[in-house]
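Notes follow once the structure below has been shown.
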There are 2 protein chains.
Amino acid sequence: MKQITKHNIRNSLRRIFLYHGLLVRLNSMGVTRVFSYTLAEGTGVTPEQVRKDFSEYGIRGNRRGGYITASLLSEIEALFNRDWISNVILVGMGNLGQALSKYGQFIKRGINIVATFDVDPYKQKVRAENCVYPPGRLQEIIDRFSVKVAIIAVPDISAQDVCNELVSMGIRGIVNFSPVLLKVPVYVVVNNVNLCDEIESVILSVYRMKEEQSLFL
Amino acid sequence: MKQITKHNIRNSLRRIFLYHGLLVRLNSMGVTRVFSYTLAEGTGVTPEQVRKDFSEYGIRGNRRGGYITASLLSEIEALFNRDWISNVILVGMGNLGQALSKYGQFIKRGINIVATFDVDPYKQKVRAENCVYPPGRLQEIIDRFSVKVAIIAVPDISAQDVCNELVSMGIRGIVNFSPVLLKVPVYVVVNNVNLCDEIESVILSVYRMKEEQSLFL
DNA sequence: TATGTTTTGTGATTTGTTTCACATTAACAA
DNA sequence: TTGTTAATGTGAAACAAATCACAAAACATA
């Protein structure tokens with residue numbers, strides 16, 4: 001079984017997102033021109049790497065004038081081809097799901113959560129603005145909005161079942177916030193995000209740093 | 001400036017967390033023995049890699065009997081040295097912060113959020129169970145619980161200020177959920193988690209997969 | 001105790017990624 | 001028009017990570 005996880009998405013591609021995020025902010029601040037070192041500075045990589053990454057994806061700048069912010073942004077977004085696919089659904093409205101559904105950054109970045117789902121009838125408040133659908137309406141919504149990507153934020157026990165259901169309904173990309181490895185057909189992309197791991201890695205790094213310092217004492 | 005980000009935390013270390021998470025679950029399910037291929041299967045890597053990773057961190061198994069789940073777990077946790085440092089604080093109680101503060105997985109993994117903070121007086125409900133402190137009490141809490149790691153979930157404009165303050169108060173590790181690159185002294189570890197990027201990477205991968213398939217038509 | 005089997009542990013090899021060094025180009029100034 | 005400068009773009013080199021192949025060990029069985 002082959003999954004696209006944090007570990008096998010190309011590093012260069014992950015950095016393109018980094019540049020994209022920064023560019024969105026710079027653009028909204030009215031910065032019209034950027035240089036490889038601008039992006040490098042803002043994302044913590046080297047200028048060479050920025051250029052190499054752009055080179056890999058066929059993005060070119062002006063030999064002396066750097067890059068035009070707006071064009072660069074649209075070139076990256078063209079690369080993403082974001083028009084037809086940025087509608088996503090969110091399954092699981094626990095604490096994390098609720099937070100994600102209200103997270104303001106998504107829409108700024110062109111990620112549109114068209115609907116949220118939960119099995120819990122108590123959470124299914126189909127009011128006007130913040131409605132949560134029952135799983136029975138998944139297929140209908142997926143079809144209506146041609147959704148291809150889903151966010152899974154359900155408890156680990158039900159994650160695989162939900163995943164299977166979504167895949168059978170046409171979902172081809174999954175962002176998985178549950179701590180289980182989802183089994184999916186080869187044509188489905190999975191990205192696992194594990195908040196515990198993110199925090200643990202810092203805890204351990206801090207500890208290791210202490211250890212290294214103490215070697216000098 | 002050198003940061004420990006998603007990209008420069010050793011891959012092997014990231015995988016150790018993956019194994020740890022799986023082991024916690026296997027252990028609670030009563031599995032007493034695991035093999036490199038058990039862990040490989042459950043985390044989507046190869047058995048050789050599992051062994052190589054353990055080898056790197058000096059963790060050894062039994063030549064024929066694999067690994068004893070409980071011992072392996074405590075060896076990894078000893079590696080983390082989690083006793084003195086697993087108290088963390090959370091700054092910023094917006095949507096994401098609130099979700100993180102209620103996220104049940106943390107405590108299962110030994111991550112203990114000892115206090116949460118927000119500048120907004122409306123959010124500062126210092127009731128018994130779910131209290132949110134004003135920033136003025138940061139130093140007091142950091143000292144009292146010897147906190148070394150903080151989670152930043154504040155809006156991007158204030159992220160750098162909050163970060164500076166935390167570092168000056170003794171914080172040495174930061175999990176940054178805001179989309180800005182924090183400038184920190186070399187002895188501070190930063191892990192940037194960007195939820196937009198995680199979702200975008202899947203959107204793009206799905207698109208690329210479609211593209212590749214269409215080459216065969 | 002000897003033998004076959006299973007699984008770990010690791011040197012050697014391959015593959016992938018980042019950095020370096022510099023040729024190339026565009027803008028500007030005199 | 002011509003030289004100077006400030007950027008990009010990229011092949012080559014250095015580095016890092018993953019895979020392979022197999023030796024070493026431990027257990028089971030006779």
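All chains are named by letter (A, B, ...) in the order of the sequence lines, taking the proteins before the strands, and each is independently numbered beginning at 1. As the structure is a computational prediction, the values presented were derived from the model and not from experiment.
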Inset, instruction - Please work out which of the three classes, parallel, tilted or perpendicular, describes the rings of B:Tyr37 and B:Phe35, given edges at 30° and 60°. - result: parallel
Inset, instruction - Find the distance A:Glu56:CD to D:dT8:C1' and express it as a whole number of Å. - result: 17 Å
Inset, instruction - Could you state the atom-to-atom distance from CD of A:Gln49 to C1' of D:dA14 in whole Å? - result: 14 Å
Legend entry - Check: A:His20 main-chain N/O paired with A:Arg25 side-chain donor or acceptor under 3.5 Å: no
Inset, instruction - Using a heavy-atom cut-off of under 4.0 Å over every strand shown, decide if A:Tyr67 touches base, sugar-phosphate, or nothing. - result: sugar-phosphate
Inset, instruction - Would you kindly give the CD-to-C1' distance between A:Glu41 and D:dA7, to the nearest whole Å? - result: 17 Å
Inset, instruction - Nearest whole angstrom, please: distance from the C1' of D:dC27 to the CZ of B:Phe35. - result: 11 Å
Legend entry - Length of the line joining B:Arg15:CZ and D:dT19:P, which is rounded to integer Å: 8 Å
Inset, instruction - For A:Phe54 and D:dG9, give me the distance from atom CZ to atom P, rounded to whole Å. - result: 9 Å
Inset, instruction - Examine D:dA6: is either OP1 or OP2 under 4.0 Å from a nitrogen or oxygen in the side chain of A:Arg33? Give yes or no. - result: no
Legend entry - Polar contact flag, side-chain donor to acceptor under 3.5 angstrom, B:Gln160-B:Asn164: yes
Legend entry - Distance in angstrom units between A:Ile68 CD1 and C:dA26 C1', rounded: 13 Å
Inset, instruction - Indicate whether OP1 or OP2 belonging to C:dT19 is found under 4.0 Å from a side-chain N or O atom of A:Thr46. - result: yes
Inset, instruction - Could you tell me whether B:Tyr37 contacts a base, only the sugar-phosphate backbone, or nothing, with contacts defined as non-hydrogen atoms closer than 4.0 Å? - result: sugar-phosphate
Inset, instruction - Would you tell me whether B:Thr38 and B:Tyr67 have side-chain atoms, one donor and one acceptor, within less than 3.5 Å of each other? - result: no
Please produce a list of atom pairs where a protein N or O lies less than 3.5 Å from an N or O of nucleotides 20-26 of chain D.
from   : atom 1 : to      : atom 2 : distance (Å)
D:dA24 : N3     : B:Arg63 : NH1    : 3.0

Inset, instruction - Please state whether the phosphate of C:dT7, meaning OP1 or OP2, lies under 4.0 angstrom from any side-chain nitrogen or oxygen of B:Ser36. - result: no
